[in-house]
S.K.: 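Shown below is the structure under consideration.
Chain letters run A, B, ... following the sequence lines, proteins first and then strands; every chain starts at 1.
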Amino acid sequence: NAGVMQNPRHLVRRRGQEARLRCSPMKGHSHVYWYRQLPEEGLKFMVYLQKENIIDESGMPKERFSAEFPKEGPSILRIQQVVRGDSAAYFCASSPPTGMGNTIYFGEGSWLTVV
Amino acid sequence: TQLLEQSPQFLSIQEGENLTVYCNSSSVFSSLQWYRQEPGEGPVLLVTVVTGGEVKKLKRLTFQFGDARKDSSLHITAAQPGDTGLYLCAGESTSYGKLTFGQGTILTVHP
């Protein structure tokens with residue numbers, strides 16, 4: 001399966017702990033996006049990254065959230081000191097070098113539950 | 001802030017009926033995409049429309065992009081129980097994959 005791979009698929013954290021979500025893009029894709037789907041809400045853009053660069057982080061909460069896409073290895077979405085409101089499905093997507101109308105492909109998501 | 005209003009939010013119909021889902025915005029999008037999402041899974045792309053007035057057909061599904069590139073519709077003919085799922089529209093206005101999603105339409109097709 002050469003699709004976008006996310007892990008873990010399900011993660012339970014206690015309030016105050018850290019959550020790390022990983023994403024390996026499709027082969028040949030160098031651009032990664034993170035989206036969040038809160039209960040009863042639609043998908044919301046969080047951040048767009050290229051290798052070693054954050055291009056657009058306009059959808060990231062100002063505090064506790066960070067993302068990286070290192071030269072080697074998967075992209076990481078990190079949530080520090082999680083709160084119950086962080087419970088959501090986090091989707092990673094990837095695309096080849098961009099242009100108008102480019103398709104992005106979504107992974108199957110990581111479901112974070114904060115207890 | 002760009003918004004995409006999707007309607008209806010819920011749709012429950014009998015097998016064989018036709019249906020249309022609408023996606024409307026006051027903003028212009030360079031492209032518009034339709035996705036289907038199953039419970040516990042990620043969105044799967046159905047189609048991308050790019051040109052104003054464009055119509056694309058995928059078997060029993062017909063997708064249309066408005067002339068002004070502000071709205072779109074998804075029409076399903078002779079719906080089947082296998083069409084049951086969450087349908088999402090998403091607009092792109094950047095040169096990269098930053099999508100604005102509608103709230104989604106939960107479709108249930110009863111046998």
S.K.: Between B:L99 and chain A, with a heavy-atom cut-off of 4.5 Å, which part of the residue counts as in contact: side chain, backbone, both or neither?
M.R.: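 For B:L99, backbone and side chain are both near chain A.
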
S.K.: Apply side chain to side chain donor-acceptor pair (under 3.5 Å) to residues B:T20 and B:H75 and explain how you reach the verdict.
M.R.: CA-CA 4 Å; B:T20 303; B:H75 183 79; 2.7 Å; yes

S.K.: Check each atom of A:Y35 against the heavy atoms of chain B and say whether the ones under 4.5 Å are side chain, backbone, both or neither.
M.R.: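 Side chain of A:Y35 only, per the 4.5 Å heavy-atom cut-off to chain B.
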
S.K.: Looking at B:E38, B:K98, B:E41, which one has more heavy-atom pairs under 4.5 Å with chain A than the rest?
M.R.: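 Highest number of pairs under 4.5 Å: B:K98.
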
S.K.: Checking side chain to side chain donor-acceptor pair (under 3.5 Å) for the pair B:H110/B:S12: CA distance, chi angles, key distance, verdict?
M.R.: CA-CA 7 Å; B:H110 301 279; B:S12 180; 2.7 Å; yes

S.K.: Would you please classify the geometry between the B:F101 ring and the A:F106 ring as parallel, tilted or perpendicular, with 30° and 60° separating the classes?
M.R.: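 Correct class here is perpendicular.
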
S.K.: Answer yes when A:D86 and A:R13 have at least one side-chain N-carboxylate O distance shorter than 4.0 Å, and no when they do not.
M.R.: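 Salt bridge flag = no for A:R13 with A:D86.
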
S.K.: Hey, could you give me the OH/CG distance between B:Y87 and B:L107, rounded to the nearest 0.5 Å?
M.R.: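 One gets 5.5 Å once the value is rounded to the nearest 0.5 Å.
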
S.K.: Where does A:Q37 contact chain B at under 4.5 Å (heavy atoms): side chain, backbone, both or neither?
M.R.: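 The answer is the side chain of A:Q37.
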
S.K.: Should the pair A:W111 and A:F91 be assigned to parallel (<30°), tilted (30 to 60°) or perpendicular (>60°) ring geometry?
M.R.: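 A:W111 and A:F91: perpendicular rings.
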
S.K.: Please state whether the side chain, the backbone, both or neither of B:Y35 comes within less than 4.5 Å of a heavy atom of chain A.
M.R.: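 The side chain, not the backbone.
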
S.K.: Using non-hydrogen atoms only, which part of B:Q37 is less than 4.5 Å away from chain A: side chain, backbone, both, or neither?
M.R.: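 The side chain, not the backbone.
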
S.K.: Identify which part of A:S94 has an atom lying under 4.5 Å from any heavy atom of chain B, answering side chain, backbone, both or neither.
M.R.: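 The answer is neither part of A:S94.
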
S.K.: Non-hydrogen atoms of chain A under 4.5 Å away: do they reach the side chain of B:L88, the backbone, both or neither?
M.R.: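 B:L88 touches chain A through side-chain heavy atoms alone.
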
